[in-house]
Every structure is written in C-alpha cells, then in structure tokens.
Undergrad: 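Quick one: the structure is below, and I'll ask about it shortly.
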Amino acid sequence: MTFQIPSEWEQPISDIISSPGIVVVIGTVDTGKTSLCTFLANHALKAGIPTAVVDGDIGQSEIGPPTTIGLGLVESEIDSLSDLKPYSLYFVGSTSPVGHLLATATGVKTRSDMACALGKKLVIVDTTGLVRGLIGRKLKTAKIESLRPRHIIALQREKEVEHILRLFDTWEECTIHRLPVSPAVKPKTPLLRMQRRLVRFQEYFEGSETHTISLENVATAGTWLRTGDPLEPRYLKFAENELKMPILYGEMLDSGVYLVAGDAEMPDPRGVDQIREQFRVKHVIIVPASRYLHLVVALVDSRLEVLSLGVIREIDFRALTANVSTPLRSFAPVKSIRFGVLKLRPDWSEIGRLRPGEV
C-alpha cells in the first residue's frame, strides 16, 4: 500500500491483532476508514489470522456494487477492499442509509454472523460516513449493539463521533481506539462520489441482458406489489370510474387498497373517498406504473442470498411480468425480488431515489 499510515495507528493495530474479534470502524466521510480496513486486513493475513471484511458503506461500496453490503474473505494481500470478491451480498437498495436504517443494520449483522460461522477470527466492519446528529447516532448505536464488537476504531479529526462513543466507553469487553485521520486522506466531492458509483455500476452490469420474469412465481419485498390479494376486474373498473384515471392493477392489503395507475395524473379526490367507503379502509395507495421503471432490484434465492442485482425496464401489470436487465443468466434459483429505491438509466447512471413506500 502507498497510503500513508500515521504512527498513532501502529500500536492499536498491534493490539487488535493480538486480541482479534469483531472490529467496527466508524468516522465521518473522508477519514480513511476503507484504507484502515485494508491495512488491518493485510496485517491480520500476515499474522495468520482468518479474516473477513464486511463492507457496510452502501454509497461507496468496495465489495460488491453500491446499494449492497458485501462480505469479502481475505485470502491474499490486497491493495484495496475492491480486490475482495463478494462472498455474499445483502441488498439495501439505496446509496444512503437514511430511510433504511433497519435494513443497513440487519445487513451488517447478518454478514458478520456469516463470517463468524465460516470460522473467521477477525471480522472487520467498515461503515458509512453517517455519524452526525440523531440519525447517525441511532444507526451506529444499532450496529454496534447488535455486533457486540471486541474493538471499535474511531477515526476523527476533532470529536465528531464522541456522542456515539460515550455509551460504549462503559462496556467491559470492548476497547475503543480513538485514532487521528491520516494527512494523506483527500476529500471527495459529491460529483466524484457519484462518478465513482457510476463506474462501479458499469463494471457490475457489464454484459447484462434483459429477461422477462413472471411476478406470479416469485415473492416480493420493498414494494406493495404482490403483498395482498388481487382485486377483481369489477373493482378495478369501479376504482377507474371513481378516480377518473386508468387503473392497471390493484390489491387489497391489510392496511388498505393498493392501485397501480396507468399515468401520473392526479386522481379525483372525491373518488378516493368513494374507494375508502366501498372497501371500508382508511388508506388508498395509488402508484403510477412509471414509478417502477428503472428501479434497482435484487434477485434472491431460497436461502435469502442475493444472486444478482437487476434494473426494472418494464412491468406488464396485466400479465404480471417484469423485464429486468441483469448479468444473471439462470433464473431457476430466483425465488424473490427485492425492490430498491435507486433508479438507473440504461447507461447505469443515477436518475434519483424514491422515498421508502412509494412503490
């Protein structure tokens, strides 16, 4: 590695190597977390310690594509975490943990558990740069409490993560290493971060083809679609007449009525009231069909393992089929589709993100 390692890092790294376990690395953006993880992984390899890395930075992913939490097994010296092939991926579906705190914490915990089950004695957990404010504290606290790490490495320029560390200073079996940021760390602009994600997506989706998947044969998550009971045609016609807009599909949910509209026009508010009365529900969820286009999804097998990511190019709500661009070749193992909130153009550049619950 050509990365400049501060002398203050050497003793904590030595202490971790002599007492391995789960290590959580926290710090705001541009503090060198990923470089430190790489440095620690290589030292553990030289010491003969079975090591794995959990890449929890869903926005600037190194192990696997953005939107995922990747588990990599360290079997040879690496120049960066991107040298590690993903042994397993967990799909969050966004490049930001905001609005996805539970999924982010779950993904980190389950991949760490998997590494321990594989016999890894040192599990290094890299995290996002979201540390400030209530949301940052909630996310990092949830991760650390669920992981029960042997070590926490806190990279900070001043005291920006102290509001998180105070709770864990009281833990008997957890050592906190407060380390300075290397002067070699260079800040990245938001544009540079987006360009880097584009390259990662282009690399991942290279050679992708578009395939048609029957939505009737798979389970779904991250969407209202296929989570309720389909409405009969007469009820769809009723909704269409009352809302004064084309309705392509609908379901009765435990929380209300879900309808897919053929265009993005605003529904007649009086029609919404009529639907509430007809179905005796409080909530009427109306989703334009176009909202599903270009969404990143995960194709998942019966063991809840991500087989591949894909991008929705079209959904036929009459036939309940989806056209998905993906590098996956065999669809026989696909048992469920998990919908994300990030949208990608055909060139794999980002269009934007939906809010949770919008599809």
Side-chain angles (χ1 to χ4, degrees), residues 1-17 20 22-90 95 108 111-112 114-115 118 120-129 151 153-155 177 179-189 191-207 309 327 348:
M1 293 177 58
T2 58
F3 185 79
Q4 181 182 347
I5 303 300
S7 59
E8 294 93 334
W9 289 16
E10 294 177 2
Q11 186 59 51
I13 294 296
S14 177
D15 293 343
I16 292 170
I17 295 299
I22 295 175
V23 181
V24 177
V25 182
I26 66 173
T28 190
V29 295
D30 298 326
T31 51
K33 297 186 298 294
T34 300
S35 296
L36 187 146
C37 291
T38 304
F39 184 73
L40 178 56
N42 284 331
H43 269 60
L45 179 73
K46 292 176 183 177
I49 300 172
T51 301
V53 179
V54 176
D55 181 3
D57 192 347
I58 55 177
Q60 295 293 298
S61 305
E62 296 283 343
I63 306 172
T67 72
T68 66
I69 293 170
L71 168 62
L73 309 182
V74 183
E75 297 172 342
S76 60
E77 187 172 355
I78 57 176
D79 291 326
S80 68
L81 295 187
S82 60
D83 291 341
L84 298 175
K85 293 182 179 180
Y87 177 85
S88 176
L89 295 175
Y90 183 91
T95 54
V108 166
R111 295 320 94 170
S112 178
M114 185 179 294
L118 291 169
K120 303 306 176 183
K121 302 302 181 184
L122 180 66
V123 181
I124 306 165
V125 181
D126 195 7
T127 62
T128 67
H151 301 272
I153 298 177
L155 290 167
H177 308 275
L179 304 184
V181 176
S182 169
V185 171
K186 303 298 181 185
K188 303 181 188 70
T189 65
L191 178 59
L192 181 59
R193 291 176 179 275
M194 182 177 292
Q195 290 173 336
R196 188 179 180 283
R197 289 196 297 270
L198 171 60
V199 171
R200 296 290 290 171
F201 279 130
Q202 288 175 334
E203 291 173 346
Y204 182 84
F205 285 108
E206 184 178 4
L309 299 194
W348 316 113

Undergrad: If you round to the nearest 0.5 Å, how far is OG1 of Thr95 from CG of Asp57?
TA: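 Asp57 CG to Thr95 OG1: 10.0 Å, rounded to 0.5 Å.
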
Undergrad: Which heavy atom in Gly129 sits nearest to a heavy atom in Lys33, and how many Å separate them?
TA: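 Result for this residue pair: CA-NZ, 4.0 Å.
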
Undergrad: Between Tyr90 and Val54, is there a side-chain heavy-atom distance shorter than 4.5 Å?
TA: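 Val54 does not reach Tyr90 side chain to side chain.
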
Undergrad: Minimum heavy-atom separation for Gly64 and Arg200, please, with both atom names.
TA: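 Looks like O-NH2, 3.0 Å.
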
Undergrad: Could you tell me whether the side chain of Ser182 and the main chain of Ala184 form a donor-acceptor pair under 3.5 Å?
TA: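 Yes, because the side chain of Ser182 sits within donor-acceptor range (under 3.5 Å) of the backbone of Ala184.
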
Undergrad: Could you tell me whether a side-chain N or O of Gln202 sits under 3.5 Å from a main-chain N or O of Trp348, the two making a donor and an acceptor?
TA: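 No; zero donor-acceptor contacts below 3.5 Å.
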
Undergrad: Below 4.5 Å, heavy atoms only, C-beta onward: do Pro65 and Leu89 meet side chain to side chain?
TA: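 Counting from C-beta outward, Pro65 and Leu89 do come under 4.5 Å.
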
Undergrad: Which distance, rounded to the nearest 0.5 Å, do you find between the CZ of Arg196 and the CG of Leu191?
TA: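 Output value for this atom pair is 14.0 Å.
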
Undergrad: With distance as the sole test, does Thr31 use its side chain to make a donor-acceptor pair with the main-chain N or O of Thr28 at under 3.5 Å?
TA: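 Checking the backbone N and O of Thr28 against the side chain of Thr31, a donor-acceptor pair under 3.5 Å is found.
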
Undergrad: Measuring only between side-chain heavy atoms, which start at C-beta, is Leu36 closer than 4.5 Å to Leu179?
TA: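 Answer yes - side chains close enough.
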
Undergrad: Does any N or O in the side chain of Asp83 come within less than 3.5 Å of the main-chain N or O of Ile78, such that one atom is a donor and the other an acceptor?
TA: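 A pair under 3.5 Å: no.
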
Undergrad: Counting only heavy atoms from other residues, nucleotides and ligands, does the tally under 6.0 Å from OH of Tyr204 exceed 12?
TA: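 Counting neighbours around OH of Tyr204, more than 12 heavy atoms of other residues, nucleotides or ligands fall under 6.0 Å, so yes.
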
Undergrad: Is it the case that the side chain of Thr127 and the backbone of Val25 share a donor-acceptor pair, with hydrogens and angles ignored and the cut-off at 3.5 Å?
TA: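 Side chain of Thr127 to backbone of Val25, a donor-acceptor pair under 3.5 Å: yes, one is there.
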
Undergrad: Rounded to the nearest 0.5 Å, what separation is found between the OG1 atom of Thr38 and the NE2 atom of His43?
TA: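 Reported value, rounded in 0.5 Å steps: 12.5 Å.
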
Undergrad: Whether the side chain of Asp55 engages the backbone of Glu62 through a donor-acceptor N/O pair (distance < 3.5 Å, no angle test) should be reported.
TA: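 It does hold such a pair.
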
Undergrad: Ignoring hydrogens, what is the shortest heavy-atom contact between His177 and Pro12? Give both atom names and the distance.
TA: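 Result for this residue pair: ND1-CB, 3.7 Å.
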
Undergrad: Hey, does Leu40 have a side-chain heavy atom less than 4.5 Å from the side chain of Trp9?
TA: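 Side-chain contact under 4.5 Å: no.
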
Undergrad: Where is the tightest heavy-atom contact between Phe39 and Ile13, given as atom of each residue plus distance?
TA: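 The answer is CE2-CG1, 3.9 Å.
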
Undergrad: For a quick test of reading the model, state the closest non-hydrogen atom pair linking Asp30 to Lys188 and the distance between them.
TA: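 Closest approach of Asp30 to Lys188, heavy atoms only: OD2-N, 3.1 Å.
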
Undergrad: Hey, what do you get for CG (Leu73) to NZ (Lys85), rounding to the nearest 0.5 Å?
TA: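 Going from the CG atom of Leu73 to the NZ atom of Lys85 covers 12.0 Å.
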
Undergrad: Less than 4.5 Å apart, side chain to side chain, heavy atoms only: is that true for Ile63 and Thr68?
TA: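 Ile63 vs Thr68: side chains apart.
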
Undergrad: Test your reading of the model: is there a side-chain donor-acceptor pair from Thr51 to the backbone of Ile49, 3.5 Å cut-off?
TA: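 Looks like yes, one N/O pair under 3.5 Å.
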
Undergrad: Nearest 0.5 Å please: distance from the CG atom of Leu84 over to the OG atom of Ser76.
TA: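 Leu84 CG to Ser76 OG: 8.0 Å, rounded to 0.5 Å.
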
Undergrad: With side chains defined as the heavy atoms from C-beta onward, is the minimum distance between Ile16 and Leu122 less than 4.5 Å?
TA: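 The answer is yes; the side chains approach within 4.5 Å.
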
Undergrad: Mind listing the closest non-hydrogen atom pair of Ile17 and Ala47 along with its distance?
TA: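 Looks like CG2-CB, 3.7 Å.
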
Undergrad: Flag the pair Thr67 / Ile58 as yes when at least one side-chain heavy-atom distance between them is below 4.5 Å, and no otherwise.
TA: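 No, side chains not in contact.
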
